[in-house]
Student: 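Just dropping this structure here.
Basis for what follows: all heavy atoms, side chains included, without hydrogens, waters or symmetry-related copies. Chain identifiers are assigned alphabetically (A, B, ...) following the order of the sequence lines, protein sequences preceding nucleic acid strands; residue numbering begins at 1 within each chain.
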Amino acid sequence: MPELPEVETVRRGLEPHVLQRRITRVLLREPRLRWPVPEALPRLAAKRRIEAIGRRGKYLLVTLDSGDRMIWHLGMSGRMFVLERGHPLVKHDHLDFELDSGQLLRFHDPRRFGAVLWWPREETEHVLLRAMGPEPFTPAFNGEYLFEKSRGRSVAVKNFIMDGHIVVGAGNIYAAESLFRAGIRPTRAAGKLTRAQCQLLVEKIREVLGEAVELGGTTLRDFAGARGESGYFQQELFVYGREGQSCRVCGSTIKLEVLGARQSCYCPRCQR
DNA sequence: CTGTTAACCTGAGTGC
DNA sequence: TGCACTCAGGTTAACA
């Protein structure tokens, strides 16, 4: 489900409800997520105050007053809702964090590709975050960086920019949309991009992700923010999910190709 | 090292 | 209605 804009939407939605709130109780119903939820997590997180909620790539980072942190990932189908205590349970409600405000954070994830992990304060670096590429909005992610990284790489540029070691946050939707706006065909070998194309692609990735964050993400099937709200970026899509329809710019028929087991839409005329 | 594929899981949608 | 089948926004492990 969620790429960077959706995760950022959830983060922003959670923030006002959790900052400086104390976790009064943690209810773990189903520990079998992407990795097992640590058995000790409910005990360790209970009584702790939440001091910050941040984001790195598609991971949410929750800093507690003990200096320990939790790492949350929504996977493909995960949601983290702010609800009033006593809200009825539904299937796949795996975990609750009850807060001293009377509200609770409820993690719901049918496919269980998500994760809820403990990151002890004595560990300065977490193995999941260590090898991650730069955030798209930081200066470290720039045209020259992308150009250098892509030299000698034969992988399709779409797979290349979806690789979290290169840059974090662009999943299937936003990779496709960024490439459309940059006029680059998703199948193009990364190593064949020119300097100018790398520069343009960086700008378009930032533009697309930025607009999507402002619109609250993309709701295609089941994405919802922390209060259950939909995103609106789906109205801005040029190629994703539009195979067979006409290009909003030139009228050509949008084509679909499978790249690395993922659907990849592009305009054969606008993207070369 | 690079590149490709399968795997993890459930639910929604489609076609018969 | 029901069944078989395909596909889905992410990430890692296992392979060539």
Student: Apply ring-ring contact (aromatic ring centres under 6.0 Å, His included) to residues A:Trp72 and A:Phe97 and explain how you reach the verdict.
Tutor: CA-CA 12 Å; A:Trp72 298 346; A:Phe97 296 95; 5.3 Å; yes
Student: Are A:Met162 and A:Leu74 co-members of a hydrophobic cluster defined by side-chain heavy atoms under 4.5 Å apart?
Tutor: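 Per the 4.5 Å side-chain linkage, A:Leu74 and A:Met162 are not co-clustered.
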Student: For DNA chain B, just give me the dot-bracket, please: Watson-Crick or G-U, both distances below 3.5 Å, ( ) intra-strand, [ ] crossing earlier pairs, | paired with another strand, . unpaired.
Tutor: .|||||||.|||||||
Student: Ring stacking, A:Phe113 with base of C:dG10, under 5.5 Å and under 30°?
Tutor: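 Yes, aromatic ring over the base.
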Student: For A:His87, is there any backbone N or O sitting under 3.5 Å from a side-chain donor or acceptor partner on A:Arg106?
Tutor: yes
Student: Using atom names, set out every protein N or O paired with an N or O of nucleotides 13-16 of chain C below 3.5 Å, distance rounded to 0.1 Å.
Tutor:
none

Student: Linking Ile, Leu, Val, Met, Phe, Trp and Tyr by side-chain heavy atoms under 4.5 Å, what else ends up with A:Leu104?
Tutor: A:Phe81, A:Leu83
Student: Whether A:Ser154 contacts B:dG3 is assessed here as follows: a side-chain N or O lying under 4.0 Å from the phosphate OP1 or OP2. Is that the case?
Tutor: yes
Student: What's the CG-P distance between A:Leu209 and C:dG9, to the nearest Å?
Tutor: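 Answer to the nearest Å: 16 Å.
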Student: What contact category does A:Leu128 fall into here, base, sugar-phosphate, or nothing, at under 4.0 angstrom with non-hydrogen atoms?
Tutor: sugar-phosphate
Student: Tell me what A:Tyr174 touches on the nucleic acid: a base, only sugar-phosphate, or nothing, going by heavy atoms under 4.0 Å.
Tutor: nothing
Student: Could you give the CG-to-P distance, from A:Leu129 to C:dT11, as a whole number of Å?
Tutor: 12 Å
Student: How about A:Thr63 and A:Ile50: do any of their side-chain heavy atoms sit closer than 4.5 Å?
Tutor: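 No, every pair of side-chain atoms sits at 4.5 Å or beyond.
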Student: Give me the distances for all protein-to-nucleotides 10-12 of chain B N/O pairs that come in under 3.5 Å?
Tutor:
| unit_1 | atom_1 | unit_2 | atom_2 | d |
| --- | --- | --- | --- | --- |
| B:dT10 | OP1 | A:Arg112 | NH2 | 3.0 |
| B:dT10 | O4' | A:Pro110 | O | 3.4 |
| B:dT10 | O3' | A:His92 | NE2 | 3.1 |
| B:dG11 | OP1 | A:Lys91 | NZ | 3.3 |
| B:dG11 | OP1 | A:His92 | NE2 | 2.6 |

Student: Answer yes when A:Arg181 and A:Glu177 have at least one side-chain N-carboxylate O distance shorter than 4.0 Å, and no when they do not.
Tutor: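 Looking at A:Arg181 and A:Glu177, the cut-off is not met.
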Student: Any side-chain N or O of A:His73 below 4.0 angstrom from OP1/OP2 of C:dG10?
Tutor: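 Negative; the distance criterion is not met.
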Student: Are the side chain of A:Gln234 and the backbone N or O of A:Thr219 linked by a donor-acceptor pair below 3.5 Å?
Tutor: yes
Student: Given the C1' atoms of C:dG9 and B:dG3, what is the spacing between them in whole Å?
Tutor: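 That atom pair is separated by 23 Å.
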Student: Between A:Arg11 and A:Glu8, does at least one N-O distance fall below 4.0 Å, as a salt bridge requires?
Tutor: yes
Student: Heavy atoms within less than 4.0 Å of DNA chain C: which residues of residues 258-266 of chain A have one? Give them sorted by number.
Tutor: A:Arg262, A:Gln263
Student: Is there a donor-acceptor pair under 3.5 Å between the side chain of A:Arg49 and the backbone N or O of A:Ile23?
Tutor: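 Not a single qualifying donor-acceptor pair exists.
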Student: Looking at A:Glu135 and A:Arg56, is there a salt bridge between them, counting it only when a charged N and a carboxylate O are closer than 4.0 Å?
Tutor: yes
Student: How close or far is atom C1' of C:dT11 from atom CZ of A:Arg56, stated in whole angstroms?
Tutor: 15 Å
Student: A:Phe160 CZ to B:dT2 P: how many Å, rounded?
Tutor: 10 Å
Student: Can you tell if the side chain of A:Leu61 reaches within under 4.5 Å of the side chain of A:Ile71, non-hydrogen atoms only?
Tutor: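 Heavy-atom side-chain distance check passes, below 4.5 Å.
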Student: Report yes or no: does A:Glu30 contribute a side-chain atom to a donor-acceptor pair with the main-chain N or O of A:Leu95 at less than 3.5 Å?
Tutor: no
Student: May I ask you to decide whether A:Glu203 forms a salt bridge with A:Arg206, counting only side-chain N to carboxylate O separations under 4.0 Å?
Tutor: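 Salt bridge between A:Glu203 and A:Arg206, a charged N being under 4.0 Å from a carboxylate O: no.
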Student: Please give, in whole Å, the distance from C:dT12 P to A:Leu33 CG?
Tutor: 15 Å
Student: Whole-Å distance between C:dA8 P and A:Leu237 CG?
Tutor: 15 Å
Student: Could you tell me whether the side chain of A:Arg29 and the main chain of A:His92 form a donor-acceptor pair under 3.5 Å?
Tutor: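 Checking the backbone N and O of A:His92 against the side chain of A:Arg29, no donor-acceptor pair under 3.5 Å is found.
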Student: Could you state the atom-to-atom distance from OH of A:Tyr59 to P of C:dG10 in whole Å?
Tutor: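 Interatomic distance, OH of A:Tyr59 to P of C:dG10: 12 Å.
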Student: Between A:Asp96 and A:Arg25, is there a salt bridge with N-O shorter than 4.0 Å?
Tutor: no
Student: For A:Tyr174 and A:Thr218, run side-chain contact (heavy atoms from CB on, under 4.5 Å): C-alpha distance rounded to whole Å, both residues' side-chain angles, the deciding distance at 0.1 Å, then the answer.
Tutor: CA-CA 10 Å; A:Tyr174 300 113; A:Thr218 301; 2.6 Å; yes
Student: Set out, line by line, the N/O atom pairs under 3.5 Å between protein and nucleotides 2-5 of chain C.
Tutor:
none

Student: Would you confirm whether A:Gln103, through its side chain, and A:Val82, through its main-chain N or O, come within 3.5 Å as a donor-acceptor pair?
Tutor: no
Student: In whole angstrom, what separates A:Ile71's CD1 from C:dT12's P?
Tutor: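 About 11 Å, once rounded to whole Å.
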Student: Taking only the side-chain heavy atoms of A:Arg34 (C-beta and beyond), determine which of B:dT4, C:dT12, C:dA8 contains the nearest atom.
Tutor: C:dT12
